[in-house]
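Here's the structure we're looking at; comments come further down.
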2 protein chains.
Amino acid sequence: MSNSSTNSPEQHTASTPARILEVATQLFAENGFEKTTVRQISEAAGVNVAAVNYHFSDKEALYAEVLSRAHQCATSLHPARVAFEAGHPEEALREFVGILIKRIFDREHNQVFGRLMAFEMMQPTRALERLVEQEFLPTMKALSRIIVGVLGIDPGPAVLRRLCYSIVGQIVFYKHAGPLLSRMNPTLEYDDKEITELANHITRFSIAALRGYQIPREQDQ
Amino acid sequence: MSNSSTNSPEQHTASTPARILEVATQLFAENGFEKTTVRQISEAAGVNVAAVNYHFSDKEALYAEVLSRAHQCATSLHPARVAFEAGHPEEALREFVGILIKRIFDREHNQVFGRLMAFEMMQPTRALERLVEQEFLPTMKALSRIIVGVLGIDPGPAVLRRLCYSIVGQIVFYKHAGPLLSRMNPTLEYDDKEITELANHITRFSIAALRGYQIPREQDQ
DNA sequence: GGTCGTTTCAAACAGGCGTTTGACGGAGAG
DNA sequence: CTCTCCGTCAAACGCCTGTTTGAAACGACC
């Protein structure tokens with residue numbers, strides 16, 4: 001009929017499975033899979049408990065659906081360019097960092113994807129396996145190519161891996177350590193401006209690091 | 001009577017609360033607070049369920065005790081020098097990174113502290129508040145001083161904060177993303193050699209970044 | 001030997017969990 | 001109208017959670 005979110009409060013507009021999905025996404029992202037109960041979801045969605053098991057077969061299947069949709073949403077809203085290495089490698093790195101930051105914070109969707117991923121990395125469910133193959137490995141390969149471009153030479157697999165993790169680690173830190181950061185800087189909130197400056201900083205930091213990086217000779221692998 | 005860990009298998013040697021603590025530490029670090037049940041702990045420790053509530057008042061108090069002991073253990077095994085800024089600032093940074101890495105991996109204690117911290121950062125319990133005050137804020141201040149030393153000038157609080165997080169983020173990434181990393185590199189295990197190279201890499205990366213970092217003018221705070 | 005405080009134990013407690021059931025009601029088709 | 005399918009619902013299912021209970025066993029002291 002009408003839009004789903006721009007309506008009178010406490011009024012059911014979307015279909016039951018849609019409402020369940022929406023609420024479940026929010027709760028899973030807030031509290032993780034374990035701490036979120038089916039009754040919490042059903043009550044918040046204003047539906048019967050049995051509706052969750054009726055429309056989705058069980059809680060884990062619902063979670064898998066939530067994760068899949070959040071991933072699709074994040075990648076479609078902030079798509080990675082088909083080829084990062086098109087232009088200047090340092091510009092490609094800037095774009096890479098920007099996209100990952102945007103996906104992780106994603107203010108339009110309450111940073112759902114970032115939180116879900118953080119939970120998934122700590123306590124993986126079966127839903128993670130597919131994401132590793134389809135998403136993370138290709139992303140790491142893309143980042144590796146960018147790094148080789150910035151460095152000018154290929155430092156070998158082990159060093160390349162650590163360089164990737166150094167860059168990605170800077171980014172995902174803000175999601176993984178979220179509750180800690182909000183305790184250390186209670187006043188600081190991550191609005192668009194802060195996120196932009198964050199992306200600029202990580203790009204600047206990483207490019208400076210790569211430019212001045214003394215590549216060690218590989219001894220393993 | 002005798003030592004606690006170097007004994008015949010399946011034999012109870014330590015006192016009941018000691019056994020509970022030992023097993024609970026292991027299980028909490030593996031599965032987090034929520035997924036670990038009191039019955040799991042009591043069975044693994046070979047004691048009655050009620051023993052947990054008898055010796056420690058409840059599950060949360062036991063967890064707080066575990067966290068406190070793990071923290072003490074990590075800081076005493078890998079103590080931070082009273083003043084990092086004693087020698088050359090870049091050497092101080094090397095030492096800082098090395099200590100944090102050692103605390104997080106801590107192979108002698110099954111990397112317990114790192115895992116517990118990772119869980120605590122994602123889903124903080126009340127036990128976190130104390131650690132923020134006593135541990136993280138002072139650590140960040142120490143790292144800030146080191147960074148100012150390496151840079152040569154004070155870049156201001158916002159930039160300094162981001163620089164701290166860029167360095168710490170690289171380190172804690174290996175704990176937060178642990179399950180993911182083991183899926184992406186199934187053969188790679190983090191033994192002493194790998195950990196040493198890891199510390200060297202992060203130090204090299206960070207120093208190069210700080211040396212070449214173009215400090216932006218602060219606009220906020 | 002008797003007594004006291006401490007520790008252990010099987011059993012039960014109340015409550016929450018994910019899931020299933022069977023009845024109810026409305027809408028569309030024959 | 002009747003039949004059927006689909007969605008919803010209150011209620012219950014069996015299981016597991018953290019915690020408590022009251023009795024039994026223990027060791028030390030007088």
Side-chain angles (χ1 to χ4, degrees), chain A residues 1-2 4 10-68 116 119-120 123-127, chain B residues 1-2 4 10-68 116 119-120 123-127:
Chain A
M1 301 253 178
S2 67
S4 64
E10 299 295 298
Q11 196 63 27
H12 302 158
T13 62
S15 67
T16 300
R19 264 180 289 144
I20 292 175
L21 260 173
E22 187 180 347
V23 170
T25 303
Q26 213 63 34
L27 291 175
F28 280 142
E30 278 177 31
N31 311 319
F33 179 76
E34 312 290 344
K35 282 195 81 171
T36 304
T37 71
V38 176
R39 280 177 175 80
Q40 264 179 37
I41 297 172
S42 59
E43 284 177 20
V47 303
N48 190 275
V49 220
V52 172
N53 296 87
Y54 178 78
H55 292 282
F56 312 85
S57 56
D58 57 6
K59 183 187 175 187
E60 191 158 343
L62 169 62
Y63 176 77
E65 182 69 21
V66 164
L67 200 64
S68 172
L116 288 175
F119 278 115
E120 197 64 24
Q123 289 179 296
T125 66
R126 282 194 293 270
Chain B
M1 297 245 178
S2 65
S4 62
E10 299 294 299
Q11 195 65 27
H12 301 159
T13 61
S15 67
T16 300
R19 264 182 288 142
I20 292 175
L21 261 173
E22 186 179 348
V23 170
T25 302
Q26 213 62 35
L27 290 175
F28 280 142
E30 278 176 32
N31 310 319
F33 178 77
E34 312 289 344
K35 282 195 82 172
T36 304
T37 71
V38 177
R39 279 176 176 81
Q40 264 180 38
I41 297 172
S42 60
E43 284 176 20
V47 303
N48 191 276
V49 220
V52 172
N53 295 85
Y54 177 78
H55 292 282
F56 312 86
S57 57
D58 57 6
K59 183 189 175 188
E60 190 159 344
L62 170 61
Y63 176 78
E65 183 70 22
V66 163
L67 199 65
S68 171
L116 287 174
F119 277 114
E120 198 63 27
Q123 291 179 295
T125 66
R126 281 195 293 268

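A quick note: this is a predicted structure, and the numbers were derived from the prediction, not measured. Chain A is the first sequence line, chain B the second, and so forth, proteins listed ahead of strands; every chain is numbered from 1.
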(request) Find the distance B/H55:NE2 to C/dC9:P and express it as a whole number of Å. (result) 9 Å

(message) Quick check for you: to the nearest 0.5 Å, what is the distance between B/L67 atom CG and B/E65 atom CD?
(response) 10.0 Å

(request) Nearest 0.5 Å please: distance from the CG atom of A/N31 over to the CD atom of B/E34. (result) 9.5 Å

(request) Identify the two heavy atoms, one from B/V66 and one from B/F28, that lie closest to each other, and give their separation to 0.1 Å. (result) CG2-CD1, 4.1 Å

(message) So, OP1 or OP2 of D/dG7: does either fall under 4.0 Å of a side-chain N or O from A/T16?
(response) no

Listing, residues 53-61 of chain A side-chain donor-acceptor contacts under 3.5 Å, not counting sequence neighbours, or none:
from  : atom 1 : to     : atom 2 : distance (Å)
A/N53 : ND2    : A/S57  : O      : 3.4
A/D58 : OD1    : A/A61  : N      : 3.0
A/K59 : NZ     : A/F33  : O      : 3.0
A/K59 : NZ     : A/T36  : O      : 2.7
A/E60 : OE2    : A/R126 : NH2    : 3.1

(request) Find out whether A/I41 and A/L62 are in side-chain contact, i.e. whether some heavy atom of one side chain is under 4.5 Å from a heavy atom of the other. (result) yes

(message) Across nucleotides 10-20 of chain C, 5' to 3', mark each nucleotide with B, S or - according to how protein heavy atoms within less than 4.0 Å reach it.
(response) B-B----BBBB

(message) With a 4.5 Å cut-off on side-chain heavy atoms, are B/V23 and B/V47 touching?
(response) no

(message) Determine whether a donor-acceptor pair (N or O, by modelled atom type, separation under 3.5 Å) exists between the side chain of B/S68 and the backbone of B/A64.
(response) no

What nitrogen or oxygen pairs link the protein and nucleotides 22-28 of chain D at under 3.5 Å?
none

(request) Nearest 0.5 Å please: distance from the CG atom of B/L27 over to the OH atom of B/Y63. (result) 13.0 Å

